[in-house]
Undergrad: 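I have a structure I would like to understand better, so I am pasting it below and will then ask my questions one at a time.
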Amino acid sequence: MAARLQVIPRQVEKGRFLMVSMKDVAKAAGVSQPAVSYAYSGSSKVSASQREHILSVAASLGYPGPNVRGRSLRSGRVGAIGLVVMDQLSYAFDDPWAMSLLKGITKVNELSNVALTLFPMRSKKLEGDVDGDSNLAVRGLVDGLIISTLPDDHTIVQFIIKRNIPAVVIDSPRLEGIHYVGIDDRQAAIDQMEHIIGLGHRKIGVLVERLLPDGKKGVVSRARFKASTEMIVRERLTAYVDAAQNYGIGFDELVIVEAGGFTDALGREAALTLLERGVSAIVASSDVMALASLSQAKEMGMSVPEQLSVIGFDDIPEAGIRELTTIRQPLIEKGEWAARLLLEELESREPIEPKVKIFETALVIRSSTGKPGKV
């Protein structure tokens, strides 16, 4: 595949685009081309002040930086792909959902000799951070990226688009021109809620991980719901609300609680809030939250499903062990499919049309759900 130099239109003159290259940036900044390259790579060969000057000049010219794909191909590739995960790196190793994706990615034999790098992303840009961690983390370190469940407005989104980095998104966000692997989250969430309502429950609690990456937790207001930047949770919560409304249960009749994160401890705290409000069933947007609800109910001496029904989402291994009713989605297959799409993108001699793969889900009924007041 021939390497392509990425340039950005700066302005139109006499019907033609004037293009900005690294050479243009070097000339305008009064430095050499290698100095511009060093500035973008974070090299110590340029000072902090010189780097800031070069990047400022580049920004004013509309130059987004070197093309990662072109550079790696000219050098025969880096030989690594990256998996972008949110929050602390330890989360990727603790969360069974993330581990399933990793297992799927590593099932692709063609990637057996390729390094897999994990990139933890901060939720939002910090004050004084010129480029954002996404820029410094992935620039030139990988040939392509697999991105999973980032907020809609995360800084890495524009970084990937501007630098033409080969990428595949799993679940969120949906990006124009980028390969996507996911499920029909709304229909799956409708299946969750309809199962609970079909059993006769009317005092229903909804437990979601987070709607915004700001650390807030507690009962969810309409304004908080509408402001959500977390696509997957937003889609599922929208379906919960709509499905309940179809059965005459309004938004204010549901008790919706945001855990503020993805851990078991936060899930238990959120579940306690729901149980203190006397709900007979909890619809959780993940198995981690649902399993935390089961643990909290057990701690409080409540029997399941006699006093409380709980339904989750994902069907992680522990869900079967603890007899959790849940939505099954093919987590390992999603990781494998994403890896194959990325490999196809990297090996293509020409840009390929973005592909979308939507996997089917299934409701798996176990003993954690039953009719309210079941004896």
Side-chain angles (χ1 to χ4, degrees), residues 1 3-6 8 40-41 64-75 77-87 89 92 97-98 101-102 104-108 110-111 114-123 125 131-183 229-232 331 333-359:
M1 174 167 55
R4 296 184 292 117
L5 174 66
Q6 183 189 28
I8 299 295
Y40 274 92
S41 66
N67 185 318
V68 175
R69 173 188 281 183
R71 183 170 63 230
S72 64
L73 289 172
R74 286 193 296 271
S75 62
R77 285 197 195 164
V78 174
I81 62 172
L83 174 62
V84 178
V85 296
M86 278 300 299
D87 302 310
L89 193 57
W97 183 90
L101 292 183
L102 283 170
I105 292 169
T106 57
K107 285 184 67 176
V108 179
E110 294 89 337
L111 296 175
V114 174
L116 176 61
T117 304
L118 298 181
F119 291 113
M121 293 286 122
R122 291 195 294 262
S123 297
K125 187 173 179 179
D131 296 312
D133 56 4
S134 58
N135 192 331
L136 297 178
V138 303
R139 185 190 298 122
L141 298 179
V142 294
D143 296 307
L145 292 170
I146 295 175
I147 300 159
S148 177
T149 59
L150 287 181
D152 301 340
D153 57 355
H154 197 282
T155 54
I156 198 175
V157 172
Q158 290 305 314
F159 177 81
I160 290 168
I161 294 172
K162 287 181 180 179
R163 284 156 179 80
N164 196 31
I165 299 173
V168 179
V169 173
I170 298 176
D171 290 336
S172 68
R174 291 291 291 266
L175 303 176
E176 185 176 354
I178 304 294
H179 301 296
Y180 178 81
V181 178
I183 59 174
T229 61
E230 300 279 357
M231 177 185 135
I232 299 303
L331 296 173
E333 289 85 347
K334 286 167 78 174
E336 183 177 1
W337 195 278
R340 293 195 181 282
L341 280 178
L342 182 59
L343 186 63
E344 181 182 354
E345 175 80 10
L346 292 172
E347 292 183 341
S348 175
R349 293 184 176 276
E350 298 293 337
I352 62 178
E353 288 295 317
K355 297 180 179 180
V356 175
K357 173 63 176 177
I358 303 298
F359 283 95

Undergrad: Heavy atoms only: give me the nearest Gly182-Lys334 pair and the separation to one decimal.
TA: CA-CE, 4.1 Å

Undergrad: Does any part of the side chain of Ile178, heavy atoms only, come nearer than 4.5 Å to the side chain of Pro354, both counted from C-beta?
TA: no

Undergrad: At what distance, to the nearest 0.5 angstrom, does CG of Leu116 lie from OG1 of Thr106?
TA: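 Rounded to the nearest 0.5 Å, the CG-OG1 separation comes out at 8.0 Å.
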
Undergrad: If you count every heavy atom of other residues, nucleotides or ligands that lies below 6.0 Å from Lys357 atom NZ, does the total exceed 12?
TA: yes

Undergrad: Show the nearest heavy-atom pair for residues Gly335 and Ile105, with the distance to one decimal.
TA: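 Closest approach of Gly335 to Ile105, heavy atoms only: O-CG1, 3.5 Å.
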
Undergrad: Mind checking the CD-CD1 spacing from Glu345 to Ile352? Nearest 0.5 Å is all I need.
TA: 4.5 Å

Undergrad: Do Pro166 and Asp143 make a side-chain contact, defined as non-hydrogen atoms from C-beta onward lying under 4.5 Å apart?
TA: no

Undergrad: Among all residues two or more places apart in sequence or in another chain, which pass the side-chain contact (heavy atoms from CB on, under 4.5 Å) test with Val114?
TA: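 Scan of Val114 (side-chain contact (heavy atoms from CB on, under 4.5 Å), adjacent residues dropped) gives Ile81, Leu111.
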
Undergrad: Ignoring hydrogens, what is the shortest heavy-atom contact between Ser148 and Trp97? Give both atom names and the distance.
TA: OG-CH2, 2.8 Å

Undergrad: Please round to the nearest 0.5 Å and tell me the distance separating atom CG of Asp152 and atom CD of Glu230.
TA: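 The distance works out to 7.5 Å.
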
Undergrad: To the nearest 0.5 Å, tell me how far Leu331 CG sits from Leu101 CG.
TA: 6.0 Å

Undergrad: Report yes if the side chains of Val181 and Phe359 come closer than 4.5 Å at any heavy-atom pair, otherwise no.
TA: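 They are in contact (side-chain heavy atoms under 4.5 Å apart), so the answer is yes.
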
Undergrad: Not counting sequence neighbours, which residues clear salt bridge (Lys or Arg N to Asp or Glu O under 4.0 Å) with Glu344? List them please.
TA: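 So Glu344 forms a salt bridge (Lys or Arg N to Asp or Glu O under 4.0 Å) with Lys355.
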
Undergrad: Between Gly144 and Ile165, which heavy-atom pair has the shortest distance, and what is it?
TA: CA-CG2, 4.5 Å

